[in-house]
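As a basis for the values below, the full set of heavy atoms in this structure was taken, side chains included, without hydrogen atoms, waters or symmetry mates. In what follows, chains carry the letters A, B, and so on, assigned in the order in which the sequence lines appear, proteins first and then strands, with residues in each chain numbered from 1.
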2 protein chains.
Amino acid sequence: MVGMSIRNPKQSLYVQFAAVAKALGNPQRLELVEHLAQGPRSVDALATKLGLPIANVSQHLQAMRRAGLVTSDRNGKFINYRLADDSVLAAFAAIRVVAEHHSAEVERVVRGWFDRHDDMEPVTRDELASRMKEGLVTVIDVRPADEFALGHLPGAINVPLSELGSLLPDLRTDREIVAYCRGPWCVMSFEAVAELRKRGFSARRLEDGLPEWRAAGMAVEQVLRGDTAAVGGP
Amino acid sequence: MVGMSIRNPKQSLYVQFAAVAKALGNPQRLELVEHLAQGPRSVDALATKLGLPIANVSQHLQAMRRAGLVTSDRNGKFINYRLADDSVLAAFAAIRVVAEHHSAEVERVVRGWFDRHDDMEPVTRDELASRMKEGLVTVIDVRPADEFALGHLPGAINVPLSELGSLLPDLRTDREIVAYCRGPWCVMSFEAVAELRKRGFSARRLEDGLPEWRAAGMAVEQVLRGDTAAVGGP
DNA sequence: AGTTCATTCGATATAATTATTGAATGTGAA
DNA sequence: TTCACATTCAATAATTATATCGAATGAACT
């Protein structure tokens, strides 16, 4: 038969929990979670960002919807997906922590961006917040402009990684620069900090990204509706 | 070739994270996590508790070890597995929260044990701790004796679910009873509370189980080595 | 040495997941 | 209606996960 087999209550709970973990158990779907954590997105936009076929992304998103990770709503021709809950981001974070504790590979990737182990320490959210209030720091958001538009740290300036080189002359050299991007392991901010230091800047990473900042209940600034592509756009 | 394909740093991180989630993405492995959260266990003991073939459990445990969820050490003829980290329990908890937010099935299982939605509210850890200090409550641990021996709430008495009926006369009727077992969704404590209420007792569940109590840094009592089977025993 | 027993390994069969096509659906606009 | 377009569906093939069985390993005991 097509339906599920008979299980006792205990087993059926484990099945439910396992379904959630299974939906997170795929690299592409985790990447989708990270992108959706920046803000709602259409299937097409996600497929472009990940460089995957649209049908493939559509299927992953449906799997995630069945597991309760995302929800979707139609907006004209577009279907926008968004994270169902803050709990999804929390689960992703918890899984990252397990991997950090275990995996030498995670460590190795980070080491690739810095020669010395010291001074790669990130800035905590609270530390950054207080230094921002005192005006001691330049905060740069190295994500693409469309993600910046959906929300960013108050006062942050958008310096997409691809434009870092051309925008370098505009940055003050007398203040520390703090870079952030999508999350704690988003490589763009690692690259930005490495590049800035090579050019003589004093630069550090924020410990994690915009979604965690928002989830911590801290203020987020948005670009007023204008020339930037809206949700559901191409 | 046999090796993995070439990936950029970002992708290889997602692969690491996904491996952890994938290792949690199976009902039997989640059940193993819950049992290992009570204390270290041999393959044989776990297989007996889950009612699965030993070879099957062995393979699941090896998959979990590859993902960094568990570690193992040999003790004579036995190999004892234990959770690698508190972070594993935290990840399990985070996944449960996502499932609770989404799944009508989880809700349904709970409703099965209680007729009315009210007064199925569980007792929080802090509330229980303060009521224990005032001596206002009888705490019963409904897990099997071997799990009780590895650690339990201070002053709790072991009333395995199978023996609840015969031990009922020994319970005081003038104090509230709080039951707990392996974790927040361990059905044994649901059953115990339902049975106790049917018999006229005032009974509630602790919000979660012993592992969470221990992880919160609260005191845990142990049975001194004696007639109870030690770790790695049959 | 030989035996016992817990665990792991290997081989096999079955099932589930994944990526990839091209066709189908549903929406908005001409 | 007809078209263009975003998304989903259906079918396929390749890969991976899972359960099971008997054989192999490795430690303790006689």
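- Evaluation of the salt bridge (charged side-chain N to carboxylate O under 4.0 Å, His left out) rule for B:E195 yields B:K198, B:R199 as partners, not counting sequence neighbours.
- Electrostatic pairing of A:R214 and A:D86 does not count as a salt bridge here, judged by no charged N lying under 4.0 Å from a carboxylate O.
- Taking atom CZ of residue B:R29 and atom P of nucleotide C:dA16, one finds them 15 Å apart after rounding to whole Å.
- D:dA28 atom P lies 9 Å from atom CG of B:N75, rounded to whole Å.
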Could you go through nucleotides 7-11 of chain D and list every protein N or O atom that sits under 3.5 Å from one of its N or O atoms, giving the distance for each pair?
| residue | atom | partner | partner atom | Å |
| --- | --- | --- | --- | --- |
| D:dT7 | OP1 | A:V43 | N | 3.3 |
| D:dT7 | OP1 | A:I79 | N | 3.2 |
| D:dT7 | OP1 | A:I79 | O | 3.4 |
| D:dT7 | OP2 | A:D44 | N | 2.7 |
| D:dT8 | OP1 | A:Y81 | OH | 2.9 |
| D:dT8 | OP2 | A:S58 | OG | 2.6 |
| D:dC9 | OP2 | A:Q62 | OE1 | 2.5 |
| D:dA10 | N6 | A:Q59 | OE1 | 3.4 |

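- A salt bridge is defined here as a Lys NZ or Arg NE, NH1 or NH2 lying under 4.0 Å from an Asp or Glu carboxylate O, and A:K49 with A:E147 meets this definition.
- Nucleotide C:dG22 holds its P atom 15 Å from the CG atom of A:N56, rounded to whole Å.
- OP1 or OP2 of D:dT18 has at least one side-chain nitrogen or oxygen of B:N26 nearer than 4.0 Å.
- When each of B:G76 and B:P53 is assigned the nucleotide of DNA chain D with its nearest heavy atom, B:P53 is the one assigned upstream, toward the 5' end.
- Under the side chain to side chain donor-acceptor pair (under 3.5 Å) criterion, A:R125 pairs with A:D208, sequence neighbours left out.
- Side-chain N/O atoms of B:S12 and B:Q16 include no donor and acceptor closer than 3.5 Å.
- When base pairs are accepted only as Watson-Crick or G-U wobble with both N-N or N-O distances under 3.5 Å, DNA chain D takes part in stems of 3 or more pairs at C:1-30 with D:1-30.
- Straight-line distance from the CD atom of A:Q28 to the P atom of D:dT15: 16 Å, rounded to whole Å.
- As a whole-Å value, the separation of A:H60 NE2 from C:dA16 C1' is 14 Å.
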List, one per line, each side-chain donor-acceptor pair under 3.5 Å for residues 152-159 of chain A, sequence neighbours excluded.
| residue | atom | partner | partner atom | Å |
| --- | --- | --- | --- | --- |
| A:H152 | ND1 | A:F148 | O | 2.8 |
| A:H152 | NE2 | A:E221 | OE1 | 3.1 |
| A:N158 | ND2 | A:D141 | O | 2.9 |
| A:N158 | ND2 | A:R143 | O | 3.0 |

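- Under the rule for a salt bridge (charged side-chain N to carboxylate O under 4.0 Å, His left out), the partners of A:E212 that lie at least two apart in sequence or sit in another chain are A:R96.
- Between the CG atom of B:L50 and the P atom of D:dT18 there is a distance of 15 Å, rounded to whole Å.
- Nearest approach of B:S72 to B:R65, heavy atoms of both residues: OG-NH1, 2.7 Å.
- If you check C:dA19, D:dA19, D:dA17 against the side chain of B:K22, the one that comes closest is D:dA17.
- Distance B:L52 CG to C:dA6 P: 17 Å, rounded to the nearest Å.
- Between A:F92 and B:F17, the ring planes lie perpendicular to each other; the angle is over 60°, past the 30° to 60° tilted range.
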